[in-house]
Peer 1: 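Below: one structure in structure tokens.
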Amino acid sequence: MLLVVLFVLGIANFAVHRAVLDSGHPMLDALPGFYRAAGGRMSLGFEFLVLLTAMLLAGNGWPGAVTAYCVYSLLNLGTAWLVLSGKL
């Protein structure tokens, strides 16, 4: 069940990450070039590694990884909402 929660949060993180990258927000110009390289594939790859790490840890008896990924996801979703709604 914990892996399903992580998977759903991972889908949400990827969706908002892509939306922010495609938004053209001026804040993205301040990011390093390697982060924006190839249309954001490097940053999406990092997002995948974070999700994979959380899933591997949770699958091997580290339930704290789920809590940490939930906090990470809430911060991601909140920040994406601020960027996409124009409040930031």
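Numbering of residues begins at 1 and proceeds along the displayed sequence. Bear in mind that the values here come from a model prediction, so they are computed numbers and not experimental data.
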Peer 1: To the nearest 0.5 angstrom, please state how far the OG atom of Ser73 sits from the CD1 atom of Ile11.
Peer 2: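 Answer rounded to 0.5 Å: 11.5 Å.
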Peer 1: Would you sort out whether Met27 and Val83 count as a side-chain contact (heavy atoms from CB on, under 4.5 Å), showing the intermediate values?
Peer 2: CA-CA 9 Å; Met27 178 181 64; Val83 168; 3.5 Å; yes
Peer 1: Count I, L, V, M, F, W, Y as connected when their side-chain heavy atoms are under 4.5 Å apart, and connections chain through other members. Are Leu52 and Phe7 then in the same cluster?
Peer 2: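 As far as the 4.5 Å side-chain criterion goes, Phe7 and Leu52 are connected within one cluster.
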Peer 1: Say you draw a straight line from OH of Tyr72 to CD of Glu47; how long is it, rounded to the nearest 0.5 Å?
Peer 2: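 Spacing of OH (Tyr72) from CD (Glu47) equals 3.5 Å.
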Peer 1: Please report the shortest heavy-atom distance between Ser23 and Leu28, naming the atom on each side.
Peer 2: OG-CD1, 4.3 Å
Peer 1: Which heavy-atom pair separates Gly10 from Leu51 by the least distance, and what is that distance?
Peer 2: CA-CD2, 3.9 Å
Peer 1: Without placing hydrogens or testing angles, list every side-chain donor-acceptor pair under 3.5 Å for residues 53-64, not counting sequence neighbours.
Peer 2:
residue	atom	partner	partner atom	Å
Thr53	OG1	Leu49	O	2.8
Asn60	ND2	Leu56	O	2.8

Peer 1: Should Val5 and Val8 be counted in the same cluster of Ile, Leu, Val, Met, Phe, Trp and Tyr side chains packed under 4.5 Å apart?
Peer 2: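 In one cluster with Val5: Val8, no.
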Peer 1: Measure the NE2-OG1 distance between His17 and Thr79 for me, rounded to the nearest 0.5 Å.
Peer 2: 12.0 Å
Peer 1: Do you reckon Leu3 sits in the same ILVMFWY cluster as Tyr69, going by side-chain contacts under 4.5 Å, direct or chained?
Peer 2: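 In one cluster with Leu3: Tyr69, yes.
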Peer 1: Treat each ILVMFWY residue as a node, draw an edge where side-chain heavy atoms are under 4.5 Å apart, and state whether Val20 and Leu77 are in one component.
Peer 2: no
Peer 1: For the hydrophobic clusters of this structure (ILVMFWY residues joined by side-chain heavy atoms under 4.5 Å, transitively), does one cluster hold both Leu74 and Val50?
Peer 2: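 No; Val50 is not reachable from Leu74 via cluster members.
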